[in-house]
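Since the structure comes first, as structure tokens, the remarks are kept for the end.
A, B, ... follow the sequence lines: proteins, then strands. Residue 1 opens every chain.
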Number of protein chains: 2
Amino acid sequence: MNVRTLCLAILNAGDSTGYEIRKLVTDGYFSHFVDASYGSIYPALNRLETEGLVTSREELQAGKPARKVYSIADEGREAFVDALSTPARKDNFKSEFLLLAMCAELMKPAHLTRAIDAQIEYLKGELEIIDAAVEETDMLGGDWVANYGRACLQSGLNYITENRSELEALAGLGRAARSDVIAAE
Amino acid sequence: MNVRTLCLAILNAGDSTGYEIRKLVTDGYFSHFVDASYGSIYPALNRLETEGLVTSREELQAGKPARKVYSIADEGREAFVDALSTPARKDNFKSEFLLLAMCAELMKPAHLTRAIDAQIEYLKGELEIIDAAVEETDMLGGDWVANYGRACLQSGLNYITENRSELEALAGLGRAARSDVIAAE
DNA sequence: TAGGCCATGTAACCGGTTACATGATTAG
DNA sequence: CTAATCATGTAACCGGTTACATGGCCTA
């Protein structure tokens, strides 16, 4: 899903600004299965507007910068429904933590422990985001998606907390076999 | 994790070729948490070699193209351990399926059903890949990572199969409200 | 005989990130 | 007084994908 389509999806659920869309996809409701930065959102919205798929209006605010509020147009809704009807791509999951876990034997124990702690915090954070944001959307599929996210995140979290000691037992084994590394410290 | 580091990780566990690395990351052991294409793997290996982090040898085969087998060098192992000791980035998960699920009310029922079926097949496929590949690696963390993957994938799969009807009940609701679309069909 | 597998590689392209520019307001 | 929040935007850069080129062997 490119940022264009993502913007249409969010605008389909209600008017929004570039700033708000970015918050939604990095800290908000959508953050656990999409991502985008200002540098892609603002150009996407501009292009969407020149193509007539969305419209915008300026809203002046006292003491704050003006907001540029975008609304989806009928053409945009059509384009979005079209996009929805082309077969979805496979999920894309990249995890540096898992790559690192595979190589646990090369890591210093303290470092592995820190990485595991960080991963646990990250997963807890994601769960909290879902809990906090679940009430804030009109999208009918919101609850369903939130529960899907909870199920996956929670099972990962449970697995890590219950089995971390097994992984931690591996730390350093690869290093111990190479005393040159140890000696250099 | 960039492709460079990924190559080092795989070569750290044993010699390999660009072709094999690509298979590992798209259909094999690593496929559920990393990805890379030929267009990034081959240049990465070349650069790694010119920098002295890996070495290569040609292996001629009867009736098949020659293989260029890469081995990690001591310098490469060091560089990899260094990379491992910098704090890991957050997981990156992107799911077109979940975006689509959030907008279930805009989809034709038949289409949603197909998307759900596809997602179920995808998850089952990922689980099968893990089961098939789990014996094929020397990496000590392999089992642990495989079980982490199984836990997440399985809970997602369970959630979908048990709750798909709720989502399917939403399909078309957004379209029904706009009879113009229906009439145009 | 068509297509898939093995196997390596390149070049054009592109989507997206990073970092920057701007600037008022508010909270700590 | 500092840092964060609100708010929009641009430009350089970059990592990676897509598509192509090559070609023999094996299977359906």
Practice task
Report yes if at least one side-chain N or O of B/Ser40 is closer than 4.0 Å to OP1 or OP2 of D/dT17; otherwise report no.
Solution key: yes
Fill in the blank from the handout: Rounded to whole Å, CZ of A/Arg67 lies from C1' of C/dG23 at a distance of 18 Å
Exercise for the section: Specify the residue among B/Pro43 and A/Met1 whose closest nucleotide of DNA chain C lies further upstream toward the 5′ end. Expected result: B/Pro43
Handout entry: Residues A/Asp117 and A/Arg164 bridged, charged N to O under 4.0 Å
Key = yes
Handout entry: Test item: A/Glu96 side-chain N/O and B/Arg89 main-chain N/O as donor-acceptor pair under 3.5 Å
Key = yes
Handout entry: Interatomic distance where CD1 belongs to B/Ile21 and C1' belongs to D/dG16 [whole Å]
Key = 16 Å
Exercise for the section: With the side chain of A/Lys68 defined as its heavy atoms from C-beta on, choose the nearest nucleotide among D/dT10, D/dA7, D/dT8. Expected result: D/dT8
Practice task
When you get a sec, tell me which of C/dC6, D/dT10, D/dT8 is the closest nucleotide to the side chain of A/Asn46?
Solution key: D/dT10
Practice task
Give me the one residue out of A/Leu6, A/Thr55, A/Val54, A/Leu53 that meets side chain to side chain contact (heavy atoms under 4.5 Å, CB included) with A/Leu11.
Solution key: A/Val54
Exercise for the section: Starting at atom CD of B/Glu20, determine the distance to atom P of C/dA7, rounded to an integer number of angstrom. Expected result: 7 Å
Handout entry: Distance below 4.0 Å between B/Tyr19 side-chain N/O and C/dC6 OP1 or OP2
Key = yes
Handout entry: Under-4.0 Å salt bridge between A/Glu126 and A/Arg150
Key = no
Fill in the blank from the handout: From the candidates D/dT10, C/dC6, D/dC6, the one with an atom nearest any side-chain atom of B/Gln61 is C/dC6
Completion exercise
Regarding the side chain of B/Ser37, the nearest nucleotide among D/dT18, C/dT18, C/dT10 is D/dT18
Completion exercise
A/Lys64 NZ to D/dA4 P, in whole Å, measures 18 Å
Practice task
Round to a whole Å and report the spacing from CG of B/Asp35 to P of D/dT18.
Solution key: 9 Å
Exercise for the section: Output the single nucleotide from C/dG16, D/dT8, C/dA7 whose closest atom is nearest the side chain of A/Tyr42. Expected result: D/dT8
Fill in the blank from the handout: Of the candidates C/dT17, C/dG16, C/dA7, the side chain of A/Asn2 sits closest to C/dG16
Problem - Pairwise distance OH(B/Tyr122) to OG(B/Ser95) - rounded to 0.5 angstrom - result: 8.0 Å
Exercise for the section: Check the distance between D/dG15's C1' and B/Arg47's CZ and give it to me in whole angstrom. Expected result: 11 Å
Practice task
With heavy atoms under 4.0 Å as the rule, sort B/Gly39 into base, sugar-phosphate or nothing.
Solution key: base
Practice task
Let me know the distance between CG of B/Leu24 and P of C/dC6, rounded to the nearest Å.
Solution key: 13 Å
Handout entry: Integer-rounded Å distance: D/dA19 C1' and B/Tyr38 OH
Key = 14 Å
